[in-house]
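Everything on this sheet refers to the single structure shown next.
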Amino acid sequence: MIIQNENTYSSDTSSTSSIPPSLINELNRLNFNEERLKRYADESINLISNNKENELRTKTTFLREMAISEILNNIKLSMKVDLCFVLDCTDSMRYHIAAAKDCIFKVTNYIKHTNPSIELWVGFCGYRDHNDGSSRLQIFDFNDQYDQFVQYMLNVTPSSSPDNDIPEDVLGGLNAAITKMNWKNDTRILLHIGDNPPHGGNFTNLTDNYPNGDPYGLTAENVLEKMKSKSILYFFGKITNETDKMLKIFSGIIGEIPVFDLMEDDSIKLFEKFIKFVSSSITTSVTLVSVIGSNSKDIYALQQRKLNMNPNEPNWDNLKLQKGNLLWYYCIPKTLDDLKNPGYFNKSNLSYKSFTFKIASQPFSAGAEKYAYFARDIKSKPEKEIVMKEYLKVGRNKSFERYLEAVEVSTVAHFLSTKFNLIAEKKNISKVNFLEVKLLRVCNRYYTIEPKLNAEYKRFNSNTGVISKLRHTLEAFAHFTYEYTKGYLVVCDLQGIEITDKLLTFQGIEVVTDEFLLTDPAIHCINPLRFGGTNIGKKGINELFLANHRCNDICKKLKLSHVQ
């Protein structure tokens, strides 16, 4: 073969008999130097691009692992709890003093069973009134020896001093608890139980020996500001309506106050309420501190946001119609490989349609991450009640992607629940379902939308490993997601409603079937670059789920591997 020039090939009959004419024509058309330069340029661009992406991925993974270690450390610190009972110890409170003493072993045993990572130190501050002299205040500093707490409480007796007014030294008791006790752990809880308000005309119209307020100059503002500065979370056990004005004033200073109903004459029912009050306060506080941190500014900012919520649905006739576009993943994963493939959730897998709606002007709820609004799907017949959720913070130009990520988390949880329910139905186990979540784009603003839940909303567990309300089915479901995905992920932070239906079988026997309808799950995954900031990675799986999970009868029914 003889080269005539660099772009043209010819052949002699002796050397080309084995070369097909088509290949010769292709070679003749080829501008060798130009094409090689193009290929080198393309390869160089791809190489540079790939290196930049790999470099970004490596750097981001490193930063995520550092962040996860920091988050995990904060979670572990949040599991150490100071719990202080602040009790009115006047004569009308004798049954509540007894309940506080008797409940501590029940509570600690329950916490040890459901949340073995929580370490609890218990203290006590009792208050009476100014005419009680040296016995006006009683303090037992924090101790993790619960028998010593019970022994001390045996010596706390209701005041029998004559008193001709109703208010008590509430501010003195709170101030002593805040300033004279050794608060040292990250999660700090003050449980205040009392049946009467503080002294002062702004708190009560009842007969009061100190109508101008505390004789030592204490005010609600200066006492509660000290409490805020120490990041102490305040819970109140309500016994009478006489404390309503007090709670209104207190909430104006520190934000929303969780109030528990302890109005009960029956001692057994009171004891049960007390256990629920204390246990719920512990798990709520640990979850809050583990998510937000122990910074008082962040904690009380959330409490203040909650105070500005409107829990009532608006008058829909007064709200204007709005339009936007809905987006969702129209094809959920079919296999485990699909689920594990981050590229499965891409733009080509999205579907969209126009959407007409109305939304309340104020949110009805706020969490650490999102506001939630009542809304209506106007075009459906009949109109559908929905909830629209908006992130508090979304970062630089990342809102669209972050909302899509929330839809992806919901889609993955839904896929795993369908696999779980196939087995659950055969074994008479309660089903676990997740609400369908979509993304709504309205101009440059984004929301997630989902059907409204018309029942009591409950948080069953969190991504930090804390179990708020123990449900064996849900703990087994989390275990199932870990085993089904071969250790790739765990679905957690399970919250929503539980539904009980009564059905009659063909034999006329009534059977009760339960179902959980959940929303806003989190996912711990060994790939730290998926599923958002609530994904605490492989460490989250090992140290927050596996380390705390205790297999139950549902795990056995599902034949899941036993977790040590």
Side-chain angles (χ1 to χ4, degrees), residues 72-87 96-126 138-154 156 174 176-178 180-193 227 230-237 258 260 262 271-294 296 299 459-462 464-470 475 543-545 547-550:
L72 199 58
N73 183 57
N74 291 339
I75 289 172
K76 289 179 178 178
L77 290 173
S78 74
M79 299 294 172
K80 300 179 185 295
V81 179
D82 291 332
L83 176 70
C84 178
F85 291 90
V86 177
L87 259 74
H96 295 82
I97 296 170
K101 170 178 68 69
D102 294 337
C103 84
I104 196 63
F105 282 123
K106 278 275 190 183
V107 169
T108 53
N109 284 334
Y110 174 76
I111 294 296
K112 191 182 297 182
H113 177 71
T114 56
N115 294 288
S117 296
I118 293 179
E119 300 175 21
L120 197 61
W121 279 259
V122 184
F124 172 81
C125 180
Q138 275 187 274
I139 295 175
F140 175 78
D141 211 348
F142 297 108
N143 199 313
D144 62 352
Q145 303 300 308
Y146 310 128
D147 55 338
Q148 292 184 23
F149 173 85
V150 172
Q151 192 62 41
Y152 181 85
M153 292 295 291
L154 291 173
V156 177
L174 292 174
I178 293 163
K180 297 184 182 301
M181 297 185 68
N182 183 27
W183 299 88
K184 59 183 180 182
N185 288 314
D186 270 36
T187 300
R188 302 172 176 186
I189 306 169
L190 190 155
L191 304 182
H192 179 198
I193 302 102
M227 185 169 73
K230 289 195 173 185
S231 302
I232 298 169
L233 296 167
Y234 179 79
F235 295 79
F236 186 71
F260 287 76
L262 295 181
F271 182 61
E272 291 172 351
K273 281 187 174 183
F274 227 92
I275 292 171
K276 186 176 180 180
F277 170 42
V278 178
S279 301
S280 179
S281 301
I282 293 169
T283 55
T284 299
S285 300
V286 169
T287 299
L288 181 64
V289 173
S290 64
V291 171
I292 293 183
S294 57
S296 61
I299 289 175
R459 187 169 202 151
F460 301 101
N461 61 38
S462 75
T464 63
V466 174
I467 298 173
S468 305
K469 298 183 185 300
L470 179 61
E475 298 307 310
E543 299 180 39
L544 302 180
F545 173 68
N548 294 317
H549 179 71
R550 298 191 176 187

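Just the heavy atoms: all of them, side chains too, but no hydrogens, waters or symmetry mates, feed the values below. Predicted, not measured: the structure shown is a model, and the values here were computed from it.
With sequence neighbours excluded, no residue forms a ring-ring contact (aromatic ring centres under 6.0 Å, His included) with F235. For F124, the ring-ring contact (aromatic ring centres under 6.0 Å, His included) criterion is met by no residue, not counting sequence neighbours. Shown here are the side chain to side chain donor-acceptor pair (under 3.5 Å) partners of N548, two or more places apart in sequence or in another chain: S117. Considering only residues two or more places apart in sequence or on other chains, S290 meets the side chain to side chain contact (heavy atoms under 4.5 Å, CB included) condition with I75, S78, T464. Every residue two or more places apart in sequence or in another chain that forms a ring-ring contact (aromatic ring centres under 6.0 Å, His included) with F277 is listed here: F260. Annotation: ring-ring contact (aromatic ring centres under 6.0 Å, His included) contacts of H192 (sequence neighbours excluded): Y127, Y234, F236. Legend: residues meeting side chain to side chain contact (heavy atoms under 4.5 Å, CB included) with N182, ordered by chain and number and at least two apart, are D141, K184.
Within the structure, salt bridge (charged side-chain N to carboxylate O under 4.0 Å, His left out) pairs that include any residue of residues 272-291 comprise D261-K273, E264-K273 (at least two apart or interchain). Residue pairs that meet the side-chain hydrogen bond (donor to acceptor under 3.5 Å, both in side chains) test with at least one member in residues 142-152, sequence neighbours left out, are N143-Q148. Here salt bridge (charged side-chain N to carboxylate O under 4.0 Å, His left out) pairs that include residues 107-120, with residues two or more places apart or in two chains, are K80-E119.
In this structure, the side chains of L120 and V81 come closer than 4.5 Å at one or more pairs of heavy atoms. With a 4.5 Å cut-off on side-chain heavy atoms, V278 and L83 count as touching. In this structure, the side chains of F460 and E475 stay at 4.5 Å or more apart for every pair of heavy atoms. Using a 4.5 Å heavy-atom threshold, the side chains of W183 and C84 count as touching. Side chains of C125 and K180 form no contact here, defined as non-hydrogen atoms less than 4.5 Å apart. By the 4.5 Å heavy-atom criterion applied to side chains, I178 and L190 are counted as neighbours. Counting heavy atoms from C-beta on, the side chains of V156 and Q138 come closer than 4.5 Å.
Within the 3.5 Å criterion, the main-chain N or O of S468 finds no donor-acceptor partner in the side chain of R459. The main-chain N or O of I467 is found under 3.5 Å from a side-chain atom of N115 such that the two form a donor-acceptor pair.
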Derivation of the side chain to side chain contact (heavy atoms under 4.5 Å, CB included) call for I193 and F274:
CA-CA 10 Å; I193 302 102; F274 227 92; 4.0 Å; yes
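The distance from the CG atom of D82 to the OG1 atom of T187 is 8.5 Å, given to the nearest 0.5 Å.
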Enumerate, atom names and distances included, each donor-acceptor pair closer than 3.5 Å involving a side-chain atom of residues 282-289, sequence neighbours excluded.
residue : atom : partner : partner atom : Å
T283    : OG1  : S279    : O            : 3.3
T283    : OG1  : S280    : O            : 3.3
T284    : OG1  : S280    : O            : 2.8
S285    : OG   : S281    : O            : 2.7
T287    : OG1  : T283    : O            : 2.8

Per-pair distances, 0.1 Å, donor-acceptor, side chain in residues 99-111, under 3.5 Å, sequence neighbours excluded:
residue : atom : partner : partner atom : Å
T108    : OG1  : I104    : O            : 2.9
T108    : OG1  : F105    : O            : 3.1
N109    : ND2  : F105    : O            : 3.1

